[in-house]
There are 2 protein chains.
Amino acid sequence: MPTQVKNLLKTYNLKATPQRITIYKIMKNLGHASADLVYKEIGDQFPTLTVATVYNVLESFVEVGLIKRRLSSNNKMFFDVNTYEHCHLYCQKTHKFLDFDDTDLMKMVHEYISKKNIENFELSTIDIQLSGYIKN
Amino acid sequence: MPTQVKNLLKTYNLKATPQRITIYKIMKNLGHASADLVYKEIGDQFPTLTVATVYNVLESFVEVGLIKRRLSSNNKMFFDVNTYEHCHLYCQKTHKFLDFDDTDLMKMVHEYISKKNIENFELSTIDIQLSGYIKN
DNA sequence: GTGATTGCAAATTTTTTGCAAGATA
DNA sequence: TATCTTGCAAAAAATTTGCAATCAC
């Protein structure tokens, strides 16, 4: 697994620094997280790693497409380790995300939208977010 | 129009202060905006009105359901003056929103989702956001 | 009048920046 | 070695708070 992450980073033309490896593993583990959350998760397992580095690293991941930004109403940056298109359940209370995989739905909406042919807009991704309360 | 806003606020059990009236008019005019944007828009037309008040007022609007928060990847609070369910075009470069009304699409997705019967989740609203670049 | 709302200034929280030191390929 | 990345400390940006003064009803 550690070597795998190393290779993954290289695939994306990122130098495999210990900081990046650590942060990627945490993102992989959390699935969705804010910079802040990642930083807290690091805790004292890597004492010299600073918040600034967390932001830098996450930004470098976004740039190459290794992770994606997610939309939140939390006024915090949120990132998603899964970059393929999928829906989300978003908890308005805790601001947590759960993946909601439904390729049929995504396909249906995509087809509908492409028929519409929206002017003056270059579509990049479709986000479907079900907002509400995650119980438990 | 000024009286209309006054009445609207009263309908929502909000005292019709000049600050609230001003801010609601601006929101109505902008459609979608961050607290910051609203504050800038006020400019010197109301010199004593501070940022703190902008946040307070917008929050009070959200609480009663007069406006809604919107999801952004901008790490800023975004608000929407239209509270009915509708889609959005979101510009990833400028972080601007455009309404994209399509009741058929919303209906289709709603029906699809309700058939799914998602466990441990209390659905409040469905957000469909088309992210990309708004030309022009 | 009374309770809710505002202004102000200061504190927090979140994110960014600059630059020297260090690590990666 | 050359370049990219990190650490650190400080700045900037965004949001919140406390409290006294003021206003809407």
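Computed from a prediction, not measured in an experiment: that's the story for all the values here.
The listed nucleotides are D/dC25, C/dT16, C/dT6; the one nearest the side chain of B/Q19 is C/dT6. The side chain of A/K10 lies closest to C/dA25 when the candidates are D/dT16, C/dT6, C/dA25. Of the candidates D/dT16, D/dG7, C/dT5, D/dG7 carries the atom nearest the A/T53 side chain, counting heavy atoms from C-beta on. Picking from D/dG7, D/dA14, D/dT17 the nucleotide with the shortest atom distance to the side chain of A/L49 gives D/dG7. Distance from the side chain of B/V57 is smallest for C/dT6 among the nucleotides C/dC8, C/dT6, C/dG3.
In this structure, the OH atom of A/Y12 is 22 Å from the P atom of C/dT24, given to the nearest Å. Atom CD1 in B/I21 sits about 11 Å away from atom P in C/dT6, given to the nearest Å. Atom CZ of A/F46 is separated from atom P of C/dA23 by 10 Å (rounded to the nearest Å). A/L37 has its CG atom 13 Å from the C1' atom of C/dT14, to the nearest Å. In this structure, B/N56 places its CG atom 17 Å from P of D/dC23, rounding to the nearest Å. Summarising the geometry, the separation between CG on B/L14 and P on D/dC25 is reported as 11 Å, rounded to the nearest angstrom. Atom CG in A/N13 sits roughly 14 Å away from atom C1' in C/dT24 (whole-Å rounding). B/E59 has its CD atom 13 Å from the P atom of C/dT5, to the nearest Å.
Within the structure, a side-chain polar atom (N or O) of B/Y55 is placed less than 4.0 Å from OP1 or OP2 of D/dT15. Proximity of A/T17 to the phosphate of D/dT6: a side-chain N or O atom is located under 4.0 Å from OP1 or OP2. In this structure, B/T50 does not reach the C/dC8 phosphate: none of its side-chain N or O atoms is under 4.0 Å from OP1 or OP2.
Note: A/H95 and A/Y90 meet the aromatic proximity criterion, with ring centroids under 6.0 Å apart. Checked against the 6.0 Å centroid criterion, the rings of B/F97 and B/F78 qualify as a close aromatic pair.
Counting heavy atoms from C-beta outward, A/Q129 and A/F100 have side chains that stay 4.5 Å or more apart.
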Query - A/D99 and A/H86: CA distance, side-chain angles, deciding distance, side-chain contact (heavy atoms from CB on, under 4.5 Å) verdict - result: CA-CA 7 Å; A/D99 286 334; A/H86 57 291; 3.0 Å; yes
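Counting non-hydrogen atoms of other residues, nucleotides and ligands closer than 6.0 Å to NZ of A/K68 gives a total above 12.
The residue A/A16 sits close only to the backbone: its heavy atoms come under 4.0 Å of sugar-phosphate atoms, none of a base.
Annotation: proximity of residues 68-80 of chain A to DNA chain C (heavy atom, distance under 4.0 Å) is found for A/K76, A/M77, numbered in ascending order.
Residue B/D36 holds its CG atom at 6.5 Å from OH of B/Y55, rounded to the nearest 0.5 Å. Atoms CG and SG, from B/L105 and B/C87 in turn, are 4.5 Å apart once rounded to the nearest 0.5 Å.
Salt bridge A/D80/A/R69: absent, no basic N to carboxylate O contact under 4.0 Å.
Residue-to-nucleotide proximity on DNA chain D shows that, of A/A52 and B/K15, the 5′-proximal contact is made by A/A52.
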